[in-house]
Amino acid sequence: MKLLHSGKVRDIYADGDDIVLVASDRLSIYDVVLPTPVPDKGALLTQLSLWWFDRLADIAPNHVISASDVPPEFVGRAIRCRRLSMLPVECIARGYLAGLGLAEYEKHGTVSGVALPPGLVEGSKLPEPIFTPTTKAPVGEHDEFMTFDEVVAAVGAETAARLRDLTLAVYTRGAEIAAGNGILVADTKLEFGLDPAGEIVLADEVLTPDSSRFWPADSWEPGRAQYSFDKQYVREWSASLRWDRTPPGPEVPTEVVAATRARYVEVYERITGEDW
Ligand code: ATP
Ligand code: MG
C-alpha cells in the first residue's frame, strides 16, 4: 500500500481503488503531536466510528468496506474505505455553544451566518441544532466559518442542502443515542465525499472524541467550561509546564497517559454500553 497522507493522528494508504485509514495512538494538543502515545487510542476511535456508522446507515451511505480486510499489523485500528472525492467543507453541527462557535457568537451574535438569540453563554443549549460549516484549511492554516451561501458557491445548491440536512440528521440521531447513555453531544464535525456515481457518502471518522465534544449530562451547567471527554486533561496538565505550544511537545508522564486512556475508554463504554 502507498502512504498518501500522514495526518497528526491518522495515516491514509491507497490500495487500488480503496483507501485504508489507520488511526494511531498519537495524541495532539494545540496542533502539536506529543511524543508519548496513548495505548489503544487508535483502536478506541476506530471501533467507536464503526459502531456509529452502523447506527447511521439508514440516514447516509458510508465509506466503510471492511474493518477486517486490512494488513494484520493494523487490525483493530484501521478501516478499508471507498476512496471518495471529498467535498471541501467541514460539516459541523452544534447543539450547544462551546469552542470556536462560542467565540464567533460572542463576536458577531451569529455562527456561520446563523443568527442566535442574545444572552447565550458558554455551554448553553441552542434553541435547535444548527449547521455551522467551515472551510478545510490546508496544514498550518485555520478553518474559517462559511455561511450557507458560501457552501452553495463551493458545491452547488442541491449538494449544499443535502450536506446540511444529512449533518443535522446525523447529529440528531447521535445526540439522541448518546443522551440515552448520559452523554451530551455538544457539537460534531463530519466529512462527506462523492462516489463515482455522484452520490454523497459519509466518510472520515464519525462521532468520536477527536471530532466531537462529549459532555456528561449529569454535570452539564451553562455558564462555565464543561468537563469534556477529550484531551482536556492533557491540556490542563501541559498548562503547568513552561511550554510555548510549539514543537517539540513535552513527554507525557505515565499517570497522565493512564488517566487520558481511561477517559477514552470511559466514553467508548458509556456511548456503546459495551465493555472495552
Ligand atoms: P489532521 O491531522 O488535522 O486531522 P487531516 O484531517 O488532513 O489532518 P486525518 O484526519 O488524519 O488528517 O486524515 C484523514 C484524511 O482523509 C482527511 O483529509 C479526510 O478528508 C480524508 N478522507 C477521509 N475519508 C476519506 C475517503 N473515504 N476518501 C478519501 N479521503 C478521505
Ligand atoms: Mg482530520
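All ligand and atom numbering here is 1-based and tracks the order in the structure.
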_Quick check on contacts: which atoms of ligand 1 are under 4.0 angstrom from a heavy atom of Arg83?_
28 (N)
_atom 1 (P) of ligand 1: any protein heavy atom closer than 4.0 Å_ = yes
_Any carboxylate oxygen within less than 4.0 angstrom of a Lys/Arg side-chain nitrogen, looking at Arg77 and Asp40?_
no
*For atom 31 (C) of ligand 1, find the nearest protein heavy atom and state the residue, atom name and distance (0.1 Å precision).*
Met86 SD, 3.6 Å
*asked:* Tell me whether Arg261 is salt-bridged to Asp25, with the criterion being a basic N under 4.0 Å from an acidic carboxylate O.
replied: no
_Which of the numbered atoms in ligand 1 are under 4.0 angstrom from any heavy atom belonging to Gly7?_
2 (O), 11 (O), 12 (O)
*Face-on cation placement of Arg164 at Phe131 ring, 6.0 Å and 45° thresholds*: no
*Between Asp18 and Arg80, what is the shortest heavy-atom contact and its length?*
OD2-NH1, 3.0 Å
_Polar proximity ligand 1 side, Glu191 side, N/O cut 3.5 Å exclusive_ = yes
*Looking only at non-hydrogen atoms, which of Arg26, Arg10, Lys189 approaches atom 10 (O) of ligand 1 most closely?*
Arg10
*Looking at Ala203, which atoms of ligand 1 are within less than 4.0 Å of one of its heavy atoms?*
24 (N), 27 (N)
*Closest by any non-hydrogen atom to atom 22 (N) of ligand 1: pick that one out of Ile12, Leu84, Asp204, Val22.*
Asp204
*Check Lys8 against ligand 1 and report side chain, backbone, both or neither, counting heavy atoms closer than 4.0 Å.*
both
*NZ or CZ of Arg263 within 45° of Tyr233 ring axis and under 6.0 Å*: no
*Is there at least one protein heavy-atom neighbour under 4.0 Å from atom 6 (O) of ligand 1?*
no
*Compare Ile19, Asp31, Asp18 and give the one whose heavy atom is closest to atom 25 (C) of ligand 1.*
Ile19
*asked:* If we check side chain to side chain contact (heavy atoms under 4.5 Å, CB included) with Ile200, which of these qualifies: Leu166, Val155, Leu84, Asp195?
replied: Leu166
_Within the structure, is a non-hydrogen atom of Lys136 found at a distance of less than 4.0 Å from ligand 1?_
yes
*asked:* I want to check a possible cation-pi pair here: Arg235 against Trp237, using under 6.0 Å from ring centre and within 45° of the ring axis as the test.
replied: no
*Which protein non-hydrogen atom lies closest to atom 12 (O) of ligand 1, naming both residue and atom, and how far is it?*
His5 NE2, 3.5 Å
_Partner residues of Glu221 under the salt bridge (Lys or Arg N to Asp or Glu O under 4.0 Å) criterion, sequence neighbours left out_ = Arg224
*Please state whether the rings of Tyr268 and Trp276 are parallel, tilted or perpendicular, taking 30° and 60° as the class boundaries.*
perpendicular
